[in-house]
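What follows is a set of notes on a single structure, which appears directly below.
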Amino acid sequence: MTRPAYTDRVLALDPISRGLGIVIFESPSLPIEWGIKEVRDRKEEHCLALVADLLDRFQPDIVVMEDMEALTCRRCERVRSLVHAISTPAASRHVPTALITRDQVNATFGVSTKHQVATLIASRLPELASLLPPFRKPWMSEDPRMSLFDAAAFALAYYHAKEQWIKLKFPPIEA
Amino acid sequence: MQTITHLLWSWSINTTFMSQPLHNYLRMFRRSAGLTQKELAYLLGIHSASPVSRYERSLREPSLHTLLAFELIFRTPARRLFAGVYEDLNHRTLGRTKRLLARMEKGRGNAHLDRKRETLEAILSDEGDTLDLPT
């Protein structure tokens with residue numbers, strides 16, 4: 001039996017109007033928890049309680065979310081402030097928070113739309129495949145399940161960025 | 001809270017995370033298998049989904065019968081299903097093995113003691129082993 005290198009346990013979050021899209025990865029091919037947590041009233045308070053519970057239960061190494069300061073980001077003020085607020089319970093548990101822009105996600109997957117990213121993730125992770133929402137027509141509002149794939153995309157972009165960083169900072173020694 | 005680029009470049013060569021495995025991975029295996037808690041409870045021969053929920057949240061330890069049933073259902077060894085418990089036990093057992101071996105260093109040349117020593121050294125030789133989670 002070989003010892004696997006436990007990679008970073010990543011808690012990826014995507015706040016939406018109805019609550020939070022959540023995916024926890026132990027490695028890029030191993031999601032250990034996923035779902036959409038609905039929050040109806042006192043959204044910020046309940047979302048923060050939910051995040052605190054996830055941090056305690058799963059003890060992630062890092063929290064990954066969308067970078068709301070990016071120029072391409074078109075999220076509402078409530079979601080922006082929630083993302084800022086989430087970093088507090090994480091920081092109190094010494095868990096760093098990484099922010100990833102939508103452009104970084106698209107560059108990681110080499111595609112340009114959220115649906116293409118979600119389709120790629122669904123093809124790689126059979127656990128999530130059944131949750132892939134149908135293609136959104138221009139007159140349709142976004143399916144809440146897309147937040148799950150957005151969260152997964154942030155986590156996978158994080159793994160990719162870290163892999164690139166390791167290669168860049170510690171290049172393999174050639175014989 | 002930092003952008004990924006800033007965060008990565010703020011890390012040093014020693015910044016690697018080696019997370020301890022979770023107490024158990026029952027929820028992940030159940031959901032990957034497409035089973036509900038109620039269906040899993042039925043397979044385990046339990047009438048309610050509550051015990052399954054408690055097992056998943058590490059609020060209750062399963063009995064030997066239930067543990068073997070989990071192995072059968074998920075076709076996965078118990079040490080992978082309960083990875084955190086296994087790691088903890090592994091750590092404790094190795095410590096005790098080392099202490100027992102140290103105590104035995106005095107009596108050499110006895111065939112029975114040599115056999116015992118071999119057994120203990122075999123346990124320690126597997127020290128680097130751990131569970132391999134599904135990828």
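Numbers restart at 1 for each chain; the letters A, B, ... are given by sequence-line order, proteins then strands.
- Looking at Pro126(A), there are no atoms closer than 4.5 Å to chain B (heavy atoms on both sides), in backbone or side chain.
- One N or O on the side chain of Arg80(A) and one on the backbone of Arg75(A) form a donor-acceptor pair closer than 3.5 Å.
- With hydrogens and angles ignored, the 3.5 Å screen pairs no side-chain donor or acceptor of His115(A) with any backbone N or O of Arg136(A).
- Using bins of under 30°, 30° to 60° and over 60° for the plane-to-plane angle, the ring pair Phe82(B)/His23(B) lands in the perpendicular bin.
- Contact of the Val39(A) side chain with the Arg18(A) side chain is not registered, since no non-hydrogen atoms from C-beta on lie closer than 4.5 Å.
- Only the side chain of Gln104(A) comes within less than 4.5 Å of a heavy atom of chain B; its backbone N, CA, C and O stay farther away.
- Here Leu64(B) pairs with Leu68(B) under the side-chain contact (heavy atoms from CB on, under 4.5 Å) rule; sequence neighbours left out.
- For Ala153(A) against Val117(A), the heavy-atom pair with the smallest separation is CB-CG1, 3.6 Å.
- Of all residues spanning residues 30-55 of chain B, those with a heavy atom less than 4.5 Å away from chain A's heavy atoms are Arg31(B), Ser32(B), arranged by number.
- Note on Phe135(A): it does not cluster hydrophobically with Leu148(A), by side-chain heavy-atom contacts below 4.5 Å among ILVMFWY residues.
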